[in-house]
Amino acid sequence: MSAYDNNNIFAKILLGEIPCKKIYESDFALAFHDIHPQAPIHALVIPKGKFVDFADFSKRATEAEAAGFTKAVGIVAETVGAHHQGYRLISNCGANAHQEVPHYHVHILAGRPLGPMLNKA
Ligand code: 5GP
């Protein structure tokens with residue numbers, strides 16, 4: 001895993017340098033709509049701390065950060081109405097998972113049947 005890149009796009013969103021369609025904010029997390037939604041509901045939840053990916057977060061987050069972030073994901077899923085018919089959480093971690101933005105984030109996808117978990121490709 002590489003070092004945290006302070007210039008990644010989510011770092012800039014956290015600093016308010018790039019706008020986002022905000023859904024929710026707490027001391028530990030910020031949630032906003034994905035710019036290229038893959039489903040009728042596609043939210044992103046990011047921790048406020050500087051974590052590259054899930055592996056980094058699971059190692060270095062304090063208990064308060066881990067709990068606060070987990071609670072935020074649940075709150076956001078309810079806020080966007082994803083919990084009624086079910087939803088999928090995805091967190092791409094590293095190269096094989098095609099993680100594009102190197103700031104830990106969870107995708108919340110919902111609003112239609114989402115099909116099988118993975119493409120066979
Ligand atoms: P990853 O592949 O890292 O798991 O997902 C990154 C996600 O961030 C993609 O779904 C992409 O559409 C989204 N994204 C990239 N740049 C921006 C941006 O500037 N604003 C928002 N709201 N989403 C972005």
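Start at 1 and go down the list; that is how both ligands and their atoms are numbered.
Of all the heavy atoms of Phe10, the ones lying under 4.0 Å from any atom of ligand 1 belong exclusively to the side chain. With a heavy-atom cut-off of 4.0 Å, Ile9 touches ligand 1 through its side chain alone. Contacts between His107 and ligand 1, counted as non-hydrogen atom pairs separated by less than 4.0 Å, involve the side chain only.
More than 12 heavy atoms of other residues, nucleotides or ligands sit less than 6.0 Å from atom CD of Glu25.
Remark: Tyr24 OH to Glu78 CD distance equals 11.5 Å, nearest 0.5 Å. To the nearest 0.5 Å, the span separating CG on Asp34 from SG on Cys20 amounts to 11.5 Å.
Ionic pairing of Lys48 and Glu65 is not present here: no N-O contact between side-chain nitrogen and carboxylate oxygen is shorter than 4.0 angstrom.
Checked by distance only, ligand 1 and His33 come closer than 3.5 Å through their nitrogen or oxygen atoms. Geometrically, ligand 1 and Asp34 share a nitrogen or oxygen pair separated by less than 3.5 Å.
The closest protein non-hydrogen atom to atom 3 (O) of ligand 1 is Glu100 N, 2.7 Å. Of the protein's non-hydrogen atoms, the one nearest atom 6 (C) of ligand 1 is His105 NE2, 3.6 Å.
With ligand atoms numbered from 1 in the order given, ligand 1 contributes 12 (O) to contacts under 4.0 Å with heavy atoms of His36. Interface of Asn92 with ligand 1, defined as ligand atoms under 4.0 Å from a residue heavy atom, comprises 1 (P), 2 (O), 4 (O). Ligand 1 places these atoms under 4.0 Å from at least one heavy atom of His98: 2 (O).
Looking at residues two or more places apart in sequence or on another chain, you find a side chain to side chain contact (heavy atoms under 4.5 Å, CB included) between Ile9 and Ile18, Val101.
Counting only distance, with no hydrogens or angles, the side chain of Arg112 and the backbone of Ile41 share no donor-acceptor pair below 3.5 Å. At least one donor-acceptor pair closer than 3.5 Å links the side chain of Gln38 to the backbone N or O of His36.
Between the choices Asp53, Ile35, Asn8, the shortest heavy-atom distance to atom 21 (C) of ligand 1 belongs to Ile35.
Classified by interplanar angle (parallel below 30°, tilted 30° to 60°, perpendicular above 60°), the ring pair Tyr104/Phe69 is tilted.
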